[in-house]
Protein chains: 2
Amino acid sequence: MTLIPNEARRRRKVTMRDVADRAGVGLATVSRVINGKSGVAADLVERVHEAARDLGYRHDLTASSLRRADRRTGTIALVLEDVANPFSSALHRAVEDTAHAENLLVLTGSSDENPERERELIDTFTLRRVDGLIVIPTGGADTELAAVRRQGTPVVCVDRLVELDQVDTVTVDNRTGARAAVQRLLDLGHRRVAFLGDMASIWTARERYAGYLEGHAGRRVDERLVRREIRSADAAEHAIREILDGDEPPTAVFAAQNLLTIGAVRALQRLGLQDRVALIGFDDFPLADMLSPGVSVVAQDPAEIGLIAARLLLGRIADDDDRPARHVVVPTTYVARGSGEIPPTD
Amino acid sequence: MTLIPNEARRRRKVTMRDVADRAGVGLATVSRVINGKSGVAADLVERVHEAARDLGYRHDLTASSLRRADRRTGTIALVLEDVANPFSSALHRAVEDTAHAENLLVLTGSSDENPERERELIDTFTLRRVDGLIVIPTGGADTELAAVRRQGTPVVCVDRLVELDQVDTVTVDNRTGARAAVQRLLDLGHRRVAFLGDMASIWTARERYAGYLEGHAGRRVDERLVRREIRSADAAEHAIREILDGDEPPTAVFAAQNLLTIGAVRALQRLGLQDRVALIGFDDFPLADMLSPGVSVVAQDPAEIGLIAARLLLGRIADDDDRPARHVVVPTTYVARGSGEIPPTD
DNA sequence: CGAGGTTTCGGAAACGTTTCCGGGAAACGT
DNA sequence: ACGTTTCCCGGAAACGTTTCCGAAACCTCG
């Protein structure tokens with residue numbers, strides 16, 4: 001068997017110089033042809049392409065971006081909460097698609113909601129000179145984001161609001177969506193609506209909680225029905241069981257994040273209460289419609305968010321980075337599937 | 001408001017030369033210090049670090065990897081079917097985690113099962129000189145993979161078997177898993193088991209179909225119950241409805257891919273047959289346990305697959321690329337949740 | 001037909017780093 | 001004390017490309 005590395009080592013990399021020699025032209029001309037610049041005689045263009053093909057020449061983007069005036073690397077970076085989370089990966093996909101249309105590649109990393117890790121990712125990405133950065137900010141690395149921005153790299157923040165100079169943001173109207181959901185439940189006659197929320201350090205968690213409160217429109221909310229700082233489906237399940245065990249249990253639940261919604265569903269199903277306690281979740285999730293009852297949700301459109309974010313970033317990369325920050329707010333839609341339409345049982 | 005780009009443009013990038021001048025040492029010494037090489041006097045190391053800190057020096061990985069002997073870029077690439085697909089993204093996450101431990105970054109792309117796109121991705125990745133490649137091969141770009149391999153970049157293929165020199169693969173024992181599932185159904189007394197499969201161009205689809213046939217152990221399979229080349233949940237739903245409409249409908253369904261399983265669930269629920277027709281799916285999916293009945297599946301472990309693939313790749317990158325291809329086969333496990341345990345109704 | 005302008009091309013410098021190499025100082029052995 | 005080895009260090013070359021600049025060739029027009 002032939003050992004590839006040896007073979008590869010033997011045969012030196014074919015460079016523009018080689019192409020130039022074989023085509024009988026200057027190095028500069030080869031560069032012009034490869035980059036598709038105008039102002040080269042047609043026959044030379046042909047000769048260069050032919051030589052390149054014969055030699056199996058491959059353009060080296062590393063060397064290219066080192067010398068190039070704009071120093072572009074053709075790469076953007078995406079800092080997600082977790083690439084395996086459905087919201088993140090739908091966003092990722094949308095970004096990839098728009099980036100691909102511009103021949104850009106996407107580097108990704110998961111911060112796991114950890115500011116330290118976010119900082120680390122931002123750092124390694126910028127060392128690699130990415131052309132732009134899309135981040136779901138944990139909130140704890142804003143200084144670094146500002147630094148990156150100052151250093152010249154365009155930045156777009158998604159999902160969470162961040163107030164930084166010349167950093168665009170794309171968010172969802174969390175507060176309105178949450179408020180409307182809670183109002184629906186109250187309109188149905190529910191008076192005791194439990195709340196399940198993520199860490200208060202996360203902007204969306206705070207907004208959705210605010211919406212929950214606003215939805216009550218002056219009505220008192222029982223503190224015992226509120227559980228915040230819940231980080232997983234298991235924790236959510238546990239919390240719901242605890243709340244339902246109390247002496248004045250809720251007749252409805254508002255779960256402010258998709259994992260928490262799933263935990264709530266699990267708890268209700270285990271207790272056989274899925275048809276008696278109403279449930280509305282924030283953020284849609286796959287198969288929510290197939291459960292019984294179907295889970296009503298305040299849906300966001302991660303693909304739309306990703307698309308807008310990518311467009312904003314590409315705009316800044318392409319030309320006009322000299323414009324103030326823009327905040328885009330994407331609306332949410334309520335999807336009625338049954339669980340949110342259950343009337344109160346007393 | 002200060003316009004960042006101007007500011008950034010004004011102040012030239014601080015380079016190793018600047019650090020060297022400020023520390024009063026040679027350029028080579030700065031390089032040695034930054035790269036943590038031994039053989040530099042302690043006080044010089046200190047001076048260099050101090051100067052670098054004062055000047056806000058940032059190491060340029062692009063320039064570094066251009067000159068560096070091993071030409072490593074600290075980046076690996078991952079070609080998935082679709083980053084938004086749960087199987088792909090779980091794999092992605094596992095790869096990211098192991099890569100991160102070695103300080104490697106991950107570039108990703110979605111081939112959408114399209115060989116053309118796979119080729120394109122492989123091409124752009126290698127132009128960027130990634131240190132290694134992990135691919136879910138469509139099967140139509142094997143020549144390109146071999147070329148990449150010959151050019152010296154380590155390659156690991158996942159999920160689908162590929163026979164290439166010095167290309168490791170990590171697959172699942174599709175055939176055994178499918179066969180066992182079908183046998184379970186037959187043992188339960190089912191005689192008419194429908195089959196739903198993906199495109200035959202995909203290795204896993206062929207293997208699972210083979211397993212389905214083998215599971216019948218000589219018993220005749222009714223061609224009318226077999227549907228292959230199904231590409232989406234909708235198509236699967238349609239196919240199942242069609243089959244159940246026939247004069248001799250199946251009493252059980254084996255769906256050979258997660259999207260198809262979901263389509264089958266949808267069809268059965270719509271027809272109100274979810275408790276009468278047995279169903280086993282290949283590949284687990286989120287919330288399969290929450291449906292009623294719970295969906296029994298032949299589960300694979302995408303995280304395990306990703307972990308192994310990443311380890312194989314890192315091994316080749318690190319040192320011994322001079323070893324023959326290694327094929328790792330990860331076992332599947334059957335997860336009984338109810339839908340696969342429904343006895344035949346005649 | 002010649003002056004002036006435009007186009008096309010190649011040599012050489014530059015991008016920011018790593019690595020090669022050679023020189024000087026220190027350490028060692030005799 | 002002197003030759004030899006070892007150790008640090010800095011200058012310069014190199015990585016593969018893009019861009020600057022000047023030379024040559026080609027037009028255009030009075």
Side-chain angles (χ1 to χ4, degrees), chain A residues 8-9 11-49 51-52 55-74 126-129 131 151-152, chain B residues 8-9 11-49 51-52 55-74 126-129 131 151-152:
Chain A
R9 226 172 279 137
R11 155 170 55 99
R12 205 178 45 77
K13 196 173 154 34
V14 21
T15 150
M16 272 195 180
R17 186 69 259 169
D18 304 327
V19 177
D21 291 348
R22 173 174 251 257
V25 302
L27 176 55
T29 301
V30 176
S31 172
R32 282 187 271 258
V33 171
I34 297 291
N35 288 72
K37 299 210 173 150
S38 62
V40 179
D43 59 326
L44 284 197
V45 172
E46 183 49 42
R47 284 229 305 277
V48 168
H49 276 138
L55 262 41
Y57 170 74
R58 313 210 72 217
H59 190 54
D60 187 325
L61 287 184
T62 313
S64 166
S65 86
L66 174 62
R67 186 49 172 88
R68 162 167 270 128
D70 54 16
R71 307 228 28 165
R72 292 263 292 274
T73 61
T126 48
L127 283 185
R128 239 147 267 193
R129 315 203 64 88
D131 299 340
Q151 184 218 340
Chain B
R9 226 173 280 137
R11 155 171 54 97
R12 207 178 44 77
K13 196 175 154 33
V14 22
T15 153
M16 271 194 180
R17 183 71 260 167
D18 304 328
V19 177
D21 290 349
R22 173 173 252 254
V25 301
L27 175 55
T29 302
V30 176
S31 173
R32 282 187 270 259
V33 172
I34 296 290
N35 288 75
K37 298 208 174 154
S38 61
V40 179
D43 57 328
L44 285 196
V45 172
E46 182 47 42
R47 284 230 306 276
V48 168
H49 276 139
L55 261 41
Y57 170 74
R58 312 211 72 217
H59 190 51
D60 187 324
L61 286 185
T62 312
S64 166
S65 87
L66 175 61
R67 186 51 174 88
R68 164 167 269 131
D70 55 14
R71 309 225 26 162
R72 292 264 293 275
T73 61
T126 47
L127 284 184
R128 246 151 225 147
R129 316 203 64 87
D131 298 340
Q151 185 218 340

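Protein chains get the first letters and strands the later ones, always in sequence-line order, with residue 1 at the start of each.
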Can you list everything that forms a salt bridge (Lys or Arg N to Asp or Glu O under 4.0 Å) with B/Arg22? Sequence neighbours excluded, please. B/Asp54

With the side chain defined as heavy atoms from C-beta on, B/Met16 is closest, among C/dG16, D/dT17, C/dT18, to C/dT18

In Å, rounded to the nearest 0.5 Å, how long is the span from OG1 of A/Thr15 to CG of A/Leu27? 7.0 Å

Whenever both distances are under 3.5 Å in a Watson-Crick or G-U wobble pair, mark it; put DNA chain C into dot-bracket that way, with [ ] for crossing pairs and | when the partner is on another strand. ||||||||||||||||||||||||||||||

For B/Ala69, report the nucleic acid contact type (base, sugar-phosphate, nothing); a contact means any heavy atom under 4.0 Å. sugar-phosphate

Can you check nucleotides 6-9 of chain D for protein contacts, nitrogen or oxygen pairs under 3.5 Å, and list what you find?
residue, atom, partner, partner atom, Å
D/dC9, OP2, B/Ala41, N, 2.6

Could you walk me through whether B/His59 and B/Leu61 satisfy the side-chain contact (heavy atoms from CB on, under 4.5 Å) test, starting with their C-alpha distance in whole Å, then the side-chain angles of each, then the deciding distance to 0.1 Å, before giving a yes or no? CA-CA 6 Å; B/His59 190 51; B/Leu61 286 185; 3.8 Å; yes

Spell out, as yes or no, whether a donor-acceptor pair under 3.5 Å connects the side chain of A/Asp21 to the backbone of A/Asp18. no

Is there a side-chain polar atom (N or O) of A/Lys13 under 4.0 Å from OP1 or OP2 of D/dC15? no

Between C1' on C/dG16 and CZ on B/Arg68, what's the gap in Å once rounded to a whole number? 13 Å

Could you give the CG-to-P distance, from B/Leu27 to D/dA13, as a whole number of Å? 14 Å

Rounded to the nearest 0.5 Å, how far does CG of A/Asp60 lie from NZ of A/Lys13? 5.0 Å

Whole-Å gap separating C1' (D/dG16) and CD1 (A/Ile34): 12 Å

Residues that A/Thr73 engages under side chain to side chain donor-acceptor pair (under 3.5 Å), provided they are two or more places apart: A/Asp131

Assess the residue pair A/Arg71 and B/Thr62 against the criterion (side-chain hydrogen bond (donor to acceptor under 3.5 Å, both in side chains)); give the C-alpha distance rounded to whole Å, side-chain angles, the decisive distance to 0.1 Å, and a yes or no. CA-CA 10 Å; A/Arg71 307 228 28 165; B/Thr62 312; 4.9 Å; no

Could you check whether B/Thr15 gets within reach of a base, just the sugar-phosphate, or nothing at all, counting any heavy atom under 4.0 Å? sugar-phosphate

OG of A/Ser65 to CZ of A/Arg128, rounded to nearest 0.5 Å, is 12.5 Å

Polar side-chain contact B/Arg67-C/dT17 base: donor and acceptor under 3.5 Å: no

Rounded to the nearest angstrom, tell me the gap between atom CG in A/Leu61 and atom C1' in C/dC15. 16 Å

Nearest whole Å is fine: how far is D/dT18 C1' from A/Arg71 CZ? 12 Å

Taking only side-chain N and O atoms of B/Lys37, does any of them lie within less than 4.0 angstrom of OP1 or OP2 on C/dT19? yes

Once you apply a heavy-atom cut-off of 4.0 Å, does A/Ser64 come out as touching a base, just sugar-phosphate, or nothing? sugar-phosphate

Side-chain donor/acceptor pairs under 3.5 Å, residues 32-49 of chain B, sequence neighbours excluded:
residue, atom, partner, partner atom, Å
B/Arg47, NE, B/Ala23, O, 2.9
B/Arg47, NH2, B/Ala23, O, 3.1
B/His49, ND1, B/Val45, O, 3.4

Can you name the side chain to side chain donor-acceptor pair (under 3.5 Å) partners of B/Arg68, sequence neighbours left out? B/Ser64

Side-chain atoms of B/Asn35 come closest, of D/dT19, C/dT18, C/dT19, to C/dT18

Proximity to the side chain of B/Leu66 - top-ranked nucleotide from C/dC15, D/dT19, D/dC15: D/dC15

Which residue lies more 5' along DNA chain D, comparing A/Asp70 with A/Ala63 via nearest heavy atoms: A/Ala63

Between D/dT17 (C1') and A/Arg17 (CZ): distance, integer Å: 12 Å

Take the protein atom CZ of A/Arg58 and the nucleotide atom C1' of D/dG16, then report the distance between them rounded to whole Å. 15 Å

